[in-house]
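A short worksheet on the structure shown next.
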2 protein chains.
Amino acid sequence: METEQSSYLPVSQEQKALPKNDSYKNVPDKKIIRELGLKVTQQRLLILDIVRNGPNHFTAQEIYEVVTEKNPDVGFATVYRFLKKLSEQHFVTEVRMGGMPARYEWAAKKHHDHLTCTRCGSIVEFENQKIEDLQEQIADRHGFRLTHHILELYGLCGECQNQ
Amino acid sequence: METEQSSYLPVSQEQKALPKNDSYKNVPDKKIIRELGLKVTQQRLLILDIVRNGPNHFTAQEIYEVVTEKNPDVGFATVYRFLKKLSEQHFVTEVRMGGMPARYEWAAKKHHDHLTCTRCGSIVEFENQKIEDLQEQIADRHGFRLTHHILELYGLCGECQNQ
DNA sequence: GATGGTATTGAAAATCATTATTAATAGTAA
DNA sequence: TTACTATTAATAATGATTTTCAATACCATC
Ligand SMILES: [Mn+2]
Ligand SMILES: [Mn+2]
Ligand SMILES: [Zn+2]
Ligand SMILES: [Zn+2]
């Protein structure tokens, strides 16, 4: 057990944690955008709608494709910019496995972690309160105050174990 | 709790797990390189020496800089290539936080996870057998056989909590 | 409802980490 | 040594994400 200094800048200095349950379920998109300190634009409304109601675990590219079906003039950079804002404020969670494009998911819903099959790519979401508690204990023990964590389990799913 | 399909290919299909303790402590670099099924080259010896005996949690860039101090003719791509081989066979662990360059560490030593301060970048290593066990239980419950996992805790260290 | 200041945008270029290509070189079995 | 390949350095290519910047859309104020 050791402590050392990284020569890189921190990922994010965000500290404001979002409630772990989906207390935002009935909050309209506009309100959420304002809560981020941003102006309400057509692009952001479009993107946020898909982020909240579309498929889970999407990439920026995937979001972009759905967005442009409804409005072909939305730029790729805008999707990236807004996803970044959302993840900085923990409204979406950024999941990165390996060197692949980041995947995002609406985070205001109940917290969970992921169990991923490295062969077929299937993803199981799970929640385990004991692990969450143990994480807090570990942080306490080292004088840290936790803001977030990444727990990703990798292995082979049942099917893939039989080739 | 849901299962879904990712449209991306898996990160790695490696399954061979390395013993969790440092059973390689007294194994010479040459032997390890041969065990990887690779030829023993000056470059690989140089790189492996630094990986095993140099600072922990290094980036490919950092390794490269140290390597070139001893032999300025070693190429950057060679460092990447060899680190990749090592991580494919689980001799080194690849740690990615956010979108930053991957960090590597010699993995034949005891397994552990990380607690990182998002403000100053300090890293605490920890190990928690209860969490490890719970992870196995979760995998079992879903019919998975685990190969590896990522557990990274983020927060503010004691010092950074007081600005 | 019009206006003006400023945040936001799309398009494109830039960046950054990582990988692929390729002709030259070095490791190794015989 | 020799001969056969794997490996290498250099460089180009890739792919995701970010930045730049001039044009445009919000929205507070009139
Ligand atoms: Mn999820
Ligand atoms: Mn470590
Ligand atoms: Zn599978
Ligand atoms: Zn700190």
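Note on naming: letters A, B, ... go to the chains in the order of the sequence lines (proteins, then strands), and numbering restarts at 1 for each one. Since the structure is predicted, the reported quantities are computational estimates derived from the model, not experimental observations.
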Scan nucleotides 26-30 of chain D against the protein and return all N/O pairs shorter than 3.5 Å with their distances rounded to 0.1 Å.
from: D/dC26; atom 1: O2; to: A/K39; atom 2: NZ; distance (Å): 3.2
from: D/dC27; atom 1: OP1; to: A/V40; atom 2: N; distance (Å): 3.0

Report summary line: Residues at least two apart in sequence or cross-chain that pass side chain to side chain contact (heavy atoms under 4.5 Å, CB included) with A/Q43, listed by chain then number, are A/T41, A/V74, A/T78
Requested in this report: Please identify each residue that fulfils side chain to side chain contact (heavy atoms under 4.5 Å, CB included) with B/V40, with sequence neighbours left out.
Outcome: B/K30, B/I33, B/R34, B/L45
Query raised in the report: How long is the line joining CD of B/E62 and P of C/dA17, in whole Å?
Result: 11 Å
Query raised in the report: Within less than 4.0 Å of OP1 or OP2 of D/dT8, is there a side-chain N or O belonging to B/R44?
Result: yes
**Report entry** Distance in angstrom units between A/L46 CG and C/dG10 C1', rounded
**Finding:** 15 Å
Query - Integer-rounded Å distance: D/dT7 P and B/L36 CG - result: 11 Å
Query raised in the report: Partners of B/E152 by salt bridge (charged side-chain N to carboxylate O under 4.0 Å, His left out), sequence neighbours excluded?
Result: none
Requested in this report: Using the test side-chain hydrogen bond (donor to acceptor under 3.5 Å, both in side chains), find all partners of B/Q129 that sit at least two apart in sequence or belong to another chain.
Outcome: B/D133
Query raised in the report: Can you tell me how far C1' of C/dA26 sits from CZ of B/F82, to the nearest Å?
Result: 16 Å
Tabulated below should be each protein N or O lying under 3.5 Å from an N or O of nucleotides 17-19 of chain D; please produce it.
from: D/dT17; atom 1: OP1; to: A/A102; atom 2: N; distance (Å): 2.9
from: D/dT17; atom 1: OP2; to: A/Y80; atom 2: OH; distance (Å): 2.2
from: D/dT17; atom 1: O5'; to: A/Y80; atom 2: OH; distance (Å): 3.2
from: D/dT18; atom 1: OP1; to: A/K84; atom 2: NZ; distance (Å): 3.0

Requested in this report: Quickly work out the B/F58 CZ to C/dA17 P distance and round it to whole Å.
Outcome: 17 Å
Query raised in the report: Expressed in angstrom and rounded to an integer, what is the separation of B/K30 atom NZ from C/dA26 atom P?
Result: 17 Å
Query raised in the report: With sequence neighbours left out, what residues match A/Q161 under side chain to side chain contact (heavy atoms under 4.5 Å, CB included)?
Result: A/L156, B/R145
Query raised in the report: Please, which pairs that meet salt bridge (charged side-chain N to carboxylate O under 4.0 Å, His left out) have at least one residue in residues 63-77 of chain A, sequence neighbours excluded?
Result: A/D49-A/K70
Report task. Starting at atom NZ of B/K85, determine the distance to atom C1' of D/dT7, rounded to an integer number of angstrom. Result -> 10 Å
Query raised in the report: Using 30° and 60° as the class limits, which term best fits the ring planes of B/H114 and B/H57: parallel, tilted or perpendicular?
Result: perpendicular
Query raised in the report: Can you check whether A/H90's main-chain N or O pairs, donor with acceptor, with A/S87's side chain at less than 3.5 Å?
Result: no
Query raised in the report: CD of B/E65 versus P of C/dA17: gap in Å, rounded?
Result: 11 Å
Report summary line: Residue set satisfying side chain to side chain contact (heavy atoms under 4.5 Å, CB included) with A/A77, at least two apart, ordered chain then number -> A/R81
Query raised in the report: For the helix from C/dG1-D/dC30 to C/dA30-D/dT1, what angle lies between the axis at the first five pairs and the axis at the last five pairs, to 10 degrees?
Result: 40°
Query raised in the report: Partners of B/N128 by side-chain hydrogen bond (donor to acceptor under 3.5 Å, both in side chains), sequence neighbours excluded?
Result: none
Report task. List in chain and number order the residues that pass side-chain hydrogen bond (donor to acceptor under 3.5 Å, both in side chains) with B/D140, two or more places apart in sequence or in another chain; answer none if no residue qualifies. Result -> none
